[in-house]
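Order of the sequence lines sets the chain letters (A, B, ...), proteins ahead of strands, with each chain counted from 1.
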Number of protein chains: 4
Amino acid sequence: MATARRQRKDAARNALLVLEAAAQAFGVGGLAVDMREIARQAGVGIGTLYRHYPTKEELLVAVLQADIAAWTERTSTVDTADAYAALRSYVAATLSTLAERRTLLDGLAVGDVAAPAFAACGEHLRTTLAPLVARAHTDGVLRADVTMEDVGLLIVALSRVVQVAPTAWERQLDLALTGYRA
Amino acid sequence: MATARRQRKDAARNALLVLEAAAQAFGVGGLAVDMREIARQAGVGIGTLYRHYPTKEELLVAVLQADIAAWTERTSTVDTADAYAALRSYVAATLSTLAERRTLLDGLAVGDVAAPAFAACGEHLRTTLAPLVARAHTDGVLRADVTMEDVGLLIVALSRVVQVAPTAWERQLDLALTGYRA
Amino acid sequence: MATARRQRKDAARNALLVLEAAAQAFGVGGLAVDMREIARQAGVGIGTLYRHYPTKEELLVAVLQADIAAWTERTSTVDTADAYAALRSYVAATLSTLAERRTLLDGLAVGDVAAPAFAACGEHLRTTLAPLVARAHTDGVLRADVTMEDVGLLIVALSRVVQVAPTAWERQLDLALTGYRA
Amino acid sequence: MATARRQRKDAARNALLVLEAAAQAFGVGGLAVDMREIARQAGVGIGTLYRHYPTKEELLVAVLQADIAAWTERTSTVDTADAYAALRSYVAATLSTLAERRTLLDGLAVGDVAAPAFAACGEHLRTTLAPLVARAHTDGVLRADVTMEDVGLLIVALSRVVQVAPTAWERQLDLALTGYRA
DNA sequence: GATGAATGAGGATTCATTCAT
DNA sequence: GATGAATGAATCCTCATTCAT
């Protein structure tokens with residue numbers, strides 16, 4: 001049993017090694033990366049990689065899910081003292097997550113396989129961002145016609161800035177948010 | 001002579017057909033598209049495709065150059081009556097060009113081959129956008145600390161909106177530009 | 001008519017230009033040379049090349065035939081004063097021809113198409129070399145058991161020396177011929 | 001460990017099968033042979049072929065190296081009882097090796113990749129042939145002015161005979177060697 | 001007759017995935 | 001469970017040859 005457990009531990013560790021290598025590799029080379037290269041960087045055989053992720057697509061989805069998990073965790077701890085600060089904090093946390101997660105940032109999606117992952121993403125947006133926007137409206141710190149969708153698109157827009165000029169997004173965020181303010 | 005010209009005309013037409021098919025195909029499938037598929041969609045043989053564009057890279061660059069040419073043309077006729085309107089018009093013209101040119105929008109670039117094309121792009125930005133920003137400052141319709149780079153990044157940012165929600169960019173542009181206003 | 005004649009002259013000239021370019025090109029790159037490259041070096045269009053030589057093979061055969069013609073001409077004027085000198089002169093003339101004709105030297109032959117050309121070659125060997133060998137035997141300057149075939153193979157052998165060390169064949173010829181002497 | 005070794009054994013066998021098929025194929029069709037055809041004749045998939053020899057060039061070089069190895073092995077056991085016999089034996093062993101190794105015989109070489117292989121070849125010539133020539137001189141069985149280079153060129157020359165008339169080289173060797181004798 | 005654009009079969013190589021060990 | 005050798009479909013590109021002008 002001890003052996004079995006040890007093996008399971010090793011297996012889990014391998015799965016993780018592959019996941020990290022894949023995140024790295026997809027971030028650098030996009031979908032074009034060679035599965036062998038990922039296996040190599042993970043320090044495992046190609047067979048091991050395929051045992052854990054039977055398909056390139058599934059591996060990508062796994063990376064995506066890990067990214068999204070990191071994001072939901074990061075954005076669940078926004079400081080809520082001030083309504084405007086809370087909103088800004090949420091957007092900033094999202095963008096800073098994207099800055100570290102190229103796969104998510106690049107929107108690497110593949111066919112319908114990634115759809116569920118992104119659906120979970122929208123779900124989280126609705127449950128966490130909506131209250132913040134509502135409160136901002138209540139507190140009168142947001143233009144009345146600005147919706148949650150607008151803020152979502154703001155994030156989407158600034159994600160490109162993150163991609164192109166990784167240090168410039170904070171300034172652009174503040175410039176743009178000025179336009180959203182009441 | 002007339003004969004020779006006629007042939008060239010046909011050849012030129014084929015080159016154009018290939019270019020259009022490629023723009024379409026790259027826009028849909030990214031760099032992964034099969035050269036044969038492009039040839040098929042252009043209605044020419046694969047050999048003809050390669051006669052005009054000896055490499056996949058070169059074909060992509062040609063598409064990029066056509067996109068950029070379309071953009072420079074479109075942005076050279078901005079209404080200059082009002083400084084703010086002129087600036088907005090420039091950004092809007094750029095974004096609407098991107099909306100029709102997926103290759104450019106997706107920033108499909110390949111190694112160093114695309115670099116010159118994009119360099120021309122930056123060049124054009126500097127010569128056309130700079131005066132508009134300068135005039136906006138002179139006329140006092142732009143926050144004093146907003147630079148040409150900021151406007152460039154605004155375009156970059158909104159290009160993502162174009163990509164994700166092709167009809168929403170105009171509203172986002174006006175929202176954001178409010179923040180840039182003096 | 002003058003025009004017609006002029007055109008025929010031009011056509012003949014083109015055929016010759018192609019032949020020379022082909023001889024050069026095959027000599028350098030073997031059969032792998034691109035037909036377009038030959039046309040380019042001949043200064044004619046690819047269509048013109050194909051008008052004169054409908055096939056790569058046929059072009060090669062034409063080059064071969066020109067080579068063989070040069071050889072038969074060169075070897076028909078051997079000095080016949082002394083039987084041994086005549087024999088040596090014949091072999092030397094052959095080898096020096098080979099030294100200038102890479103296509104022939106490399107034995108570039110292709111399928112059955114080249115066979116007739118080489119048959120003519122053997123034919124010429126029999127009609128010109130045989131008498132020389134016979135006379136050498138009569139004059140007692142050649143070992144009695146040395147046949148025409150032996151001399152033929154001597155040529156074949158030394159042709160490789162010509163190929164590998166273009167200046168060394170004469171010495172090797174004299175060394176070897178010593179063994180053939182009575 | 002036993003497991004790993006077994007796999008390597010199979011892999012090694014495949015590598016060898018490919019090598020032999022390639023030697024055969026290059027010998028018949030020169031460099032023009034289709035890699036797929038080689039794989040087919042070896043009874044392996046094209047991917048397996050490429051796993052062992054990542055390039056057509058490298059496969060050719062491998063064939064060349066095997067040929068050269070066979071030659072060095074064959075020529076290291078020459079009978080040294082009599083100086084003249086030893087020399088003849090060396091040349092004969094070389095030629096009979098060539099008779100079985102078309103790739104080497106045809107001098108199939110490709111760019112600079114084959115250069116090292118052939119360099120090793122010249123090296124071996126110098127270390128094994130030189131002493132034989134020296135001893136022949138000492139024993140007075142070789143014309144004083146005949147050098148190692150002459151013998152080398154004799155081999156080169158007769159290799160063409162091997163190519164053209166595979167059964168005639170021995171007679172030609174003896175004829176020619178007579179000229180080299182003291 | 002000359003030209004060169006068009007054609008497409010053919011050939012080298014890569015890479016996702018399977019499977020024997 | 002891990003490994004990596006084997007597989008072959010897919011893809012880029014070349015080049016002999018044809019044909020419209």
Side-chain angles (χ1 to χ4, degrees), chain A residues 3-4 6-8 10-11 14 32-40 44-57 59, chain B residues 1-15 32-37 39 43-57, chain C residues 3-4 6-8 10-11 14-15 32-40 44-57 59, chain D residues 2-15 32-39 43-57 59:
Chain A
T3 312
R6 175 66 198 288
Q7 283 186 338
R8 266 183 219 135
D10 279 10
N14 277 339
V33 278
D34 190 335
M35 291 295 264
R36 296 183 115 77
E37 183 57 28
I38 296 177
R40 211 169 298 131
V44 305
I46 183 71
T48 302
L49 185 158
Y50 270 92
R51 163 168 289 275
H52 292 291
Y53 308 94
T55 284
K56 195 176 192 176
E57 268 190 2
L59 175 55
Chain B
M1 231 186 341
T3 312
R5 264 201 209 137
R6 179 58 204 285
Q7 275 193 325
R8 269 180 214 140
K9 221 176 191 173
D10 277 19
R13 171 154 180 71
N14 275 337
V33 276
D34 188 338
M35 290 295 262
R36 280 180 140 85
E37 183 56 30
V44 304
I46 183 70
T48 300
L49 185 158
Y50 273 97
R51 161 174 279 273
H52 291 291
Y53 308 95
T55 285
K56 196 176 192 177
E57 266 193 3
Chain C
T3 312
R6 176 66 199 286
Q7 284 186 337
R8 265 181 220 138
D10 278 12
N14 277 340
V33 276
D34 190 337
M35 290 295 264
R36 296 183 115 77
E37 182 58 28
I38 296 177
R40 212 170 297 133
V44 304
I46 184 71
T48 301
L49 185 158
Y50 269 92
R51 163 169 289 276
H52 291 292
Y53 307 95
T55 285
K56 196 178 194 176
E57 270 191 358
L59 176 55
Chain D
T3 312
R5 263 203 210 136
R6 178 59 204 283
Q7 276 194 325
R8 268 180 215 143
K9 220 176 189 174
D10 277 19
R13 172 153 180 72
N14 275 337
V33 277
D34 189 338
M35 291 294 263
R36 282 180 136 84
E37 182 57 29
I38 296 178
V44 304
I46 185 68
T48 301
L49 185 157
Y50 273 94
R51 162 174 277 273
H52 291 291
Y53 307 95
T55 284
K56 196 177 193 178
E57 266 192 2
L59 175 56

| note | Applying the 3.5 Å cut-off to both distances, the Watson-Crick or G-U partner of E:dT21 turns out to be F:dA2

| request: Identify which nucleotide among E:dC15, E:dA2, E:dT13 has an atom closest to any side-chain atom of D:Lys56, counting heavy atoms from C-beta outward. | output: E:dT13

| query | Which whole-number value in Å describes the distance from C:Asp34 CG to F:dT14 P? | reply | 10 Å

| query | Given atom CD1 of A:Ile46 and atom C1' of E:dC15, what is their separation to the nearest angstrom? | reply | 9 Å

| Distance in angstrom units between D:Leu49 CG and E:dT14 C1', rounded | 14 Å

| query | What does E:dA9 pair with, Watson-Crick or G-U, if both distances are under 3.5 Å? | reply | F:dT14

| Which nucleotide in the set E:dT17, E:dA6, F:dA6 lies at the smallest distance from any side-chain heavy atom of A:Tyr50? | E:dT17

| side chain to side chain contact (heavy atoms under 4.5 Å, CB included) between D:Met35 and D:Leu59, worked out | CA-CA 10 Å; D:Met35 291 294 263; D:Leu59 175 56; 4.1 Å; yes

| request: Looking only at non-hydrogen atoms, find the nearest pair between B:His52 and B:Ala15 and report the distance. | output: ND1-CB, 3.7 Å

| said: Whole angstroms only, please: what is the OH-P distance between A:Tyr53 and F:dA2? | reply: 12 Å

| Whole Å only: how far is the CZ atom of C:Arg51 from the P atom of E:dA2? | 6 Å

| field | A:Asp10 CG to A:Thr48 OG1 distance, which is reported to the nearest 0.5 Å | value | 11.0 Å

| Interatomic distance, D:Asp10 CG vs E:dT21 P [rounded to whole Å] | 7 Å

| Side chain of A:Ala11 - closest among F:dC13, F:dA2, E:dT14 | F:dA2

| request: Answer yes or no: does a side-chain N or O of A:Asn14 lie under 4.0 Å from OP1 or OP2 of F:dA2? | output: yes

| field | Between NZ on residue A:Lys56 and CD1 on residue A:Ile38, distance to nearest 0.5 Å | value | 6.5 Å

| remark: Taking for C:Gly47 and for D:Gly43 the nucleotide of DNA chain F with the nearest heavy atom, the one nearer the 5' end belongs to D:Gly43

| task | Please state how far atom CD1 in C:Ile38 lies from atom C1' in F:dT17, giving the value in whole angstrom units. | result | 14 Å

| message | Strictly below 4.0 Å: does C:His52 bring a side-chain N or O up to OP1 or OP2 of E:dG1? | response | no

| request: Give the minimum heavy-atom separation between D:Ala39 and D:Leu49, together with the two atoms involved. | output: N-CD1, 3.7 Å

| query | Between B:Thr48 and A:Met35, which is nearer to the 5' end of DNA chain E once each is assigned its nearest nucleotide? | reply | B:Thr48

| query | Has the side chain of A:Arg36 got a donor or acceptor that lies under 3.5 Å from a partner of the other kind on the base of E:dT17? | reply | yes

